[in-house]
Peer 1: 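Just dropping this structure here.
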Amino acid sequence: MTRVLPRFDTLAAAKYESTPSDSGKRSRIDLEEVFGENVFSLHQMKSRMPSAPYEALLSTIQNGTELDPTVADAVASSMKEWALEKGATHFSHWFQPLTGSTAEKHDSFLKPTGDGRAITEFRGKELVQGEPDASSFPSGGLRATFEARGYTAWDPTSPAFLMEGPGGAYLCIPTAFASWAGDALDKKTPLLRSMHAIDQQARRALRLFGSPPKAVRATCGAEQEFFLIDEEFYFRRPDLQTCGRTLFGTKPPKGQEMDDHYFGSIPGRVLEYMNEVEVELYRLGVPLTTRHNEVAPGQFEMAPIYEDANAAADHQQLVMSTLRRVARKYGLVCLLHEKPFQGINGSGKHLNWSMGTDDQNLLEPGETPHDNMQFLFFCSAVLKAVARHQDLLRAAVAHAGNDHRLGANEAPPAIISAFCGDQLQDVFEQIEKVGSASSSKPTGLLGLGVQVLPRLPKHAGDRNRTSPFAFTGNKWEFRALGSSQSISFPATILNTIVAEAIDDLCTKLEADLEKGTSFDDALRELLASEIHEFKHIIFNGDNYSAEWVEEAASRGLLNLRGTMDALPKLVDEKNTALFSKYGVLSHRELESRFEIFVEQYFKTINIEGETAQHIAQTMIFPAAVRYLSDLLATAERADELGLKTEGVMKTANSVNELVDRLAASIDVLAKLNQELGGDDVMSKADHMRSNIVPAMTAVRDVVDRLERVVPDDIWPIPTYRDMLFVK
């Protein structure tokens, strides 16, 4: 038989060895010294800037006051000196275009003087504004391709930081990104606008409660799930390289069913990798606090504590880029796609969201939630927002990668509901029935029946991992985000819809107060009526069950199963009016995002379709034919010797049938790939969903069947068994 050498080396991947230090031990790291050392923080500003401009900038950062233009020169001067001391040679306005990743253009601090010498210079106007070419970034029709001018604008609320690498260091200045006409071309600008909206409305509510009207900040903390595989396998899989996920691959005999990977001992190479990722991110001021094995083999998670939403969004981008970059140093590749491997758990990104002042979390229930009327007010505002805008929350997480997760028994379903827990739901039920709550279910201590073990503080309710939007003690956890996704747009939507809900509740309270109703009576009546309006969104049961799908329909909840079902909701009349009212997104800006998201869906599936055709046609089909040829040659030789070959011929017939099916399915996919589906982006996206996705599934079905019978030394690509279990 004809045999070929494997195109990958599993043993080489398995033999990775770390490079120990000269002493054989890792050097000790002073975490307190390391944290934030590459950040131009408030501490650095205070020590380097004159007091007057520092205080003016501090007021902008902490209180949201308008930025004084005269401050920029003082900041730029001290920022430049700090960066040069740290070894930086260039600066960059670092921004988040609508690609979902980040962008940067480097400019040198060095300026020629005209006499053959040069000086280092960085002025306030260079800090405040940059001008990158906007022509190649997605704009969704906000500007024509030939209209290239774009502006970056310094965001003083997110600190500058230093990026270090083999080629030297450079200063990154977080900025917004806008067109020449002033339209937002990025994800940061709407996020900052939404933070302003929730700040204004929450301050208004606090005044009604008699609290000092301090600045209210939306806060976020995003848990990041990801897969790690050896780069030996990654570069032998064209689908992983171009699509971020495997388009073919059959489930290995052992997957995650033994539940032995979750929270297990972190493999040595992975632990080394995580340590370096953490230290790099600590230097950038990213407050990572948790790391562990996730459910699927080869899957892991790292998570920070909460921060102001815009800083959290910046830091989440740094987390993703650092995870990818550092992996290569350890012979690994980090996969952030939502579903890299079919048949095992995909990866999500739980967004923990709250709001508060510098001294109180407005979603902290306290020991007796039934007495905490301020908490109940703000919690009701969140539930009111979710009930009214379930469509927007679903659209916020709609993209091609997430279609593989949402609705499967690994992630929240496509139906948006809210989990409150037993204690909070009981309080709401009391208020709805009698207008007030007189008790809260106790927490207490949990005994474990062994004297030497401590009695544990018991929460008032269990967690519900199946809920897409869950209250988890003093914050809400939006669990439907995909692992590759920027948190900026979901956070923008959360901030905006909650701002609207607070606005509505305050308006009703103020109307009652003008009529002479006491504040306490007006608040009790308001909460009782509002609970009746949003209680249909509350569900504490199993979101994965078929019964819930039926019950959700009876409650009038939406079931937007796929991206192309959800995205059109973005531009519904009520949502267009919402974003416009609070100045978060203009009608033009919202329409542009809808068009960009649809186009990204189309392009993603188009790339997958072309890649699937290429792999099946040029790698899988030849391997299957080669095996069939070997079987037929064996049968022919055996026949010459008078030997029976029933098993060989039976296998040959089976392989021949699969080869014919594969050829036919490739032909169908190839034809559909050529069509593209129409002239406008919606028609193309519908073509991808209705035609390309089913055609790819048909090809995959045959390829995965062939993988089970074609010998390992002929099969041309690494299998799931190789990729998931080589640590």
Side-chain angles (χ1 to χ4, degrees), residues 26-43 94 96 101-102 158-165 172 174 217 219-228 262-295 298-330 332-336 347-354 472-475 477-479 481-488 490-491:
R26 301 295 174 192
S27 58
R28 180 181 178 274
I29 296 173
D30 188 328
L31 295 180
E32 293 183 5
E33 288 294 323
V34 162
F35 189 82
E37 70 176 6
N38 282 349
V39 181
F40 191 63
S41 61
L42 288 176
H43 172 73
W94 184 83
Q96 299 179 37
S101 57
T102 59
S158 190
F161 56 90
L162 207 70
M163 291 298 290
E164 296 177 317
C172 289
R217 298 180 180 87
T219 58
C220 293
E223 305 166 25
Q224 179 69 62
E225 296 176 350
F226 56 94
F227 279 85
L228 293 172
Y262 190 53
F263 276 31
S265 177
I266 300 174
R269 180 170 26 161
V270 176
L271 189 56
E272 288 184 69
Y273 159 74
M274 285 183 165
N275 282 334
E276 182 162 346
V277 167
E278 285 180 329
V279 171
E280 286 212 18
L281 290 171
Y282 288 158
R283 288 193 169 108
L284 294 170
V286 181
L288 284 179
T289 185
T290 301
R291 65 189 187 194
H292 62 84
N293 288 2
E294 251 302 329
V295 173
Q299 187 184 34
F300 306 91
E301 180 178 313
M302 301 182 81
I305 59 174
Y306 70 91
E307 309 174 86
D308 287 358
N310 65 313
D314 285 352
H315 284 165
Q316 177 56 208
Q317 293 290 343
L318 290 175
V319 167
M320 291 192 289
S321 63
T322 304
L323 284 170
R324 290 192 184 103
R325 176 170 46 80
V326 174
R328 296 296 305 282
K329 297 174 65 173
Y330 293 86
L332 299 167
V333 172
C334 175
L335 304 177
L336 295 178
S347 297
K349 182 180 293 180
H350 295 184
L351 178 61
N352 296 281
W353 180 92
S354 189
T472 55
N474 60 3
K475 56 184 170 55
E477 188 175 358
F478 189 19
R479 294 172 170 164
L481 278 71
S483 55
S484 68
Q485 187 173 8
S486 164
I487 68 171
S488 293

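What you see is a predicted model, and the numbers here were worked out from it, not measured in a lab.
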Peer 1: Going by ring pair (Phe, Tyr, Trp, His ring centres under 6.0 Å), name the residues that satisfy it together with Phe161, two or more places apart in sequence or in a different chain.
Peer 2: Trp94
Peer 1: Considering non-hydrogen atoms only, spot the tightest contact between Ala327 and Leu228 and give its length.
Peer 2: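 The pair with the smallest heavy-atom distance is CB-CD2, 4.5 Å.
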Peer 1: Can you tell me how far apart CG (Leu281) and OG1 (Thr322) are? Round to the nearest 0.5 Å.
Peer 2: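 It is 4.0 Å, given to the nearest 0.5 Å.
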Peer 1: When rounded to the nearest 0.5 angstrom, what distance separates CD in Gln299 from CD in Glu294?
Peer 2: 5.0 Å
Peer 1: Any side-chain heavy-atom pair from Met274 and Val270 closer than 4.5 angstrom?
Peer 2: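 Side-chain contact under 4.5 Å: yes.
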Peer 1: Not counting sequence neighbours, list each pair that qualifies as a salt bridge (Lys or Arg N to Asp or Glu O under 4.0 Å) and has a residue in residues 308-324.
Peer 2: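 Found Lys188-Asp314, Arg217-Asp308.
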Peer 1: Could you grab the distance from atom CD of Glu37 to atom CG of Leu162, nearest 0.5 Å is fine?
Peer 2: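 The CG atom of Leu162 is 9.5 Å from CD of Glu37, to the nearest 0.5 Å.
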Peer 1: Could I get the full list of side-chain contact (heavy atoms from CB on, under 4.5 Å) partners for Ala311, not counting sequence neighbours?
Peer 2: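 For Ala311 the side-chain contact (heavy atoms from CB on, under 4.5 Å) partners, ignoring immediate neighbours, are Glu307.
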Peer 1: Supply the atom-to-atom distance Ile29 CD1 to Arg283 CZ, rounded to the nearest 0.5 angstrom.
Peer 2: 6.5 Å
Peer 1: With sequence neighbours excluded, tell me which residues meet salt bridge (Lys or Arg N to Asp or Glu O under 4.0 Å) with Glu164.
Peer 2: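 Applying salt bridge (Lys or Arg N to Asp or Glu O under 4.0 Å) to Glu164 gives none.
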Peer 1: Taking atom SG of Cys172 and atom CG of Leu318, what is their separation to the nearest 0.5 Å?
Peer 2: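 Nearest 0.5 Å value for the SG-CG distance: 8.0 Å.
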Peer 1: What is the minimum heavy-atom distance between His350 and Glu477, and which atoms define it?
Peer 2: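 Distance-wise, the nearest heavy atoms are ND1-OE2, 2.7 Å.
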Peer 1: Suppose we screen for side-chain contact (heavy atoms from CB on, under 4.5 Å). Which residues come up paired with Thr290, at least two apart in sequence or across chains?
Peer 2: His292, Ala303
Peer 1: Restricting to salt bridge (Lys or Arg N to Asp or Glu O under 4.0 Å), what partner residues turn up for Glu301, sequence neighbours left out?
Peer 2: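 Testing Glu301 for salt bridge (Lys or Arg N to Asp or Glu O under 4.0 Å), a comparison that skips the adjacent residues, returns none.
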Peer 1: Of the non-hydrogen atoms in Pro174 and Ala160, which two are nearest, and what is the gap between them?
Peer 2: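 So the minimum-distance heavy-atom pair works out to CD-CA, 3.7 Å.
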Peer 1: Please round to the nearest 0.5 Å and tell me the distance separating atom CG of Leu271 and atom CD of Glu276.
Peer 2: 12.5 Å
Peer 1: Below 4.5 Å, heavy atoms only, C-beta onward: do Cys334 and Phe300 meet side chain to side chain?
Peer 2: no
Peer 1: Going by the rule side chain to side chain donor-acceptor pair (under 3.5 Å), which residues pair with Ser321 if we only count those two or more places apart in sequence or in a different chain?
Peer 2: none
Peer 1: According to side chain to side chain donor-acceptor pair (under 3.5 Å), who are the partners of Ser484, at least two apart in sequence or on a separate chain?
Peer 2: Glu338
Peer 1: How would you list, by chain and number, every residue that makes a side-chain contact (heavy atoms from CB on, under 4.5 Å) with Ser488, sequence neighbours excluded?
Peer 2: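 Partners of Ser488 under the side-chain contact (heavy atoms from CB on, under 4.5 Å) test: Gln96, Lys187, Leu191, Ala313, Ser486.
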Peer 1: Would you say the side chain of Leu42 lies within less than 4.5 Å of the side chain of Pro159, judging by non-hydrogen atoms?
Peer 2: no
Peer 1: Between Tyr306 and Lys475, is any pair of side-chain heavy atoms under 4.5 Å apart?
Peer 2: no
Peer 1: Quick one: list whatever passes side-chain contact (heavy atoms from CB on, under 4.5 Å) with Ala222, sequence neighbours left out.
Peer 2: Gln316, Lys349, Leu351, Ile487
Peer 1: With heavy-atom distances below 4.5 Å as the criterion, would you say the side chains of His315 and Leu284 are in contact?
Peer 2: no
Peer 1: What's the shortest heavy-atom distance between Trp353 and Cys220, and which atoms?
Peer 2: CD1-SG, 3.8 Å
Peer 1: Hey, does Arg291 have a side-chain heavy atom less than 4.5 Å from the side chain of Asn275?
Peer 2: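 When only atoms from C-beta onward are counted, Arg291 and Asn275 do touch, with a gap below 4.5 Å.
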Peer 1: Kindly write out the residues that satisfy ring pair (Phe, Tyr, Trp, His ring centres under 6.0 Å) with Tyr273, not counting sequence neighbours, or none if the list is empty.
Peer 2: none
Peer 1: Do you know which two heavy atoms are closest between Gln485 and Pro490, and how far apart they sit?
Peer 2: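 Minimum heavy-atom separation between Gln485 and Pro490: NE2-CG, 3.6 Å.
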Peer 1: Could you list the residues that satisfy salt bridge (Lys or Arg N to Asp or Glu O under 4.0 Å) with Arg328, not counting sequence neighbours?
Peer 2: Glu231
Peer 1: Of all the heavy-atom pairs spanning Ser347 and Glu225, show the shortest one and how long it is.
Peer 2: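 In terms of heavy atoms, the two residues are closest at CA-OE1, 3.4 Å.
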